[in-house]
Amino acid sequence: MNSKEYTQIELYDCKPGQERFRAEVLSGLRKSQKELPSKYFYDEEGSRLFGRICTLDEYYIPRTEAVIMEGHIEEMVELLGPRVLLVEYGSGDCAKVRVLLDHLHDPVAYVPVDISGEQLLRVAKELALNYPRLEVLPVCADYTSSFQLPISRRRSDRVVVYFPGSTIGNFDPIPAKNFLEHIARVCGMGGALLIGVDLKKDPAVLHRAYNDRDGVTAAFNLNLLRRINRELDCDFELEWFQHYAFYNPWKGRIEMHLVSLREQTVHLDNAAIHFGKGESIWTESSYKFSLDEFEQMAATAGFKVEQVWTDNQQWFSIQYLVNTERETE
Ligand code: AVJ
């Protein structure tokens, strides 16, 4: 085998431990509006269910984003330039990045960052086989807290963070700005961010996307309780909770909740958590942006929007942002 080929895969493991999970679940369920962090959706089963969501007719995001990527890939790789170190946040099954990897000019390394360790290692190995000249450096981490970026063997001309799928929409406005600032520090001066941003549109379209006929989104939402039962030895009765998702136009976001269908008490450690009939756990927000709103938010984090690509219905956008301010961490 050629010495320039990289096939040995090692995982940098910084994923949040069980104690962190337990603490976040407990503090969320103690709030007056109960809530759970959406990042915990993605255990093995949750990642599988999300994969199924991405094949649904109603869930327009993945196919719309793919059409935009494929339609403008040449222009994108020109902007990114040669010898990029590409960091992907929430790499999942690493399907989206392949278009980029296929077209980039001599990319130096690919750093997939994901909270789902099992899947991450599996797909990183597969990618390394498919792209033998690319150094693949997977990091298992909760990217909302800071983690060490691995050092590539070859020097890169530019660090580019790839953050597709509109996952930025999961953050409330202030955390979203903080997160963009964190990305700016990761990519450094001259670095860039290629990001998928879902746009405001007909609420009926949004409603359908999070209330699919087959109930896959409902199963995805409820799986969070199953995971908590299993990993934290808790006693949620899943049949007494119901998926409820709606678009809140005032806040510009989809809200996903799990609504208690009766009065009930759930036990976690020594805590007894009481639910009234109709009371909900807020499990996810998914913000939708206007192009102006997003540009303003990006600017507060030191990013300048250089290019925006959209589909012909203007449902989704991919944006190329350059860091104009911050030094590397
Ligand atoms: C992966 C966060 C972009 O908010 O649309 C899909 C997750 N939740 N269906 C989204 C999700 C319900 C998704 N993101």
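By convention here, the first residue in the shown sequence is residue 1. Order of appearance sets the numbers: ligands from 1, and atoms from 1 within every ligand.
Salt bridge annotation for Glu24-Arg20: present, with a cationic side-chain nitrogen under 4.0 angstrom from a carboxylate oxygen. A salt bridge is absent between Glu293 and Lys288: the closest approach of a Lys/Arg side-chain nitrogen to an acidic carboxylate oxygen does not fall below 4.0 angstrom.
Below 30°, between 30° and 60°, or above 60°: for Phe246 and His257 the angle between ring planes is below 30°, a parallel geometry. Between His182 and Tyr89, the ring planes lie parallel to each other; the angle is under 30°, not in the 30° to 60° tilted range.
Taking only nitrogen or oxygen atoms, main chain and side chain alike, Ser286 reaches within less than 3.5 Å of ligand 1. Any N or O atom pair closer than 3.5 Å counts here, and Tyr210 shares at least one such pair with ligand 1. At under 3.5 Å, not a single nitrogen or oxygen of Tyr42, backbone or side chain, sits near a nitrogen or oxygen of ligand 1. Among the atoms of Glu284, some N or O lies under 3.5 angstrom from an N or O of ligand 1.
Nearest protein heavy-atom contact of atom 2 (C) of ligand 1 is Asn170 OD1, 3.0 Å. The protein atom (non-hydrogen) at minimum distance from atom 6 (C) of ligand 1 is Tyr59 OH, 3.4 Å. Nearest to atom 1 (C) of ligand 1 among the protein's heavy atoms is Phe50 CZ, 3.5 Å.
For Gly165, the closest heavy-atom approach to ligand 1 falls below 4.0 Å. Within the 4.0 Å heavy-atom shell around ligand 1 one finds Phe220.
Just one of Cys140, Ser91, Ser47 meets the side chain to side chain contact (heavy atoms under 4.5 Å, CB included) condition when paired with Ser116; it is Ser47.
Between the CG atom in Asp198 and the OH atom in Tyr60 there is a gap of 3.0 Å [rounded to 0.5 Å].
Geometric assessment of Lys34 against the ring of Phe275 yields a positive cation-pi assignment under the 6.0 Å and 45° thresholds.
With a 4.0 Å cut-off on non-hydrogen atoms, Phe41 does not touch ligand 1 at all.
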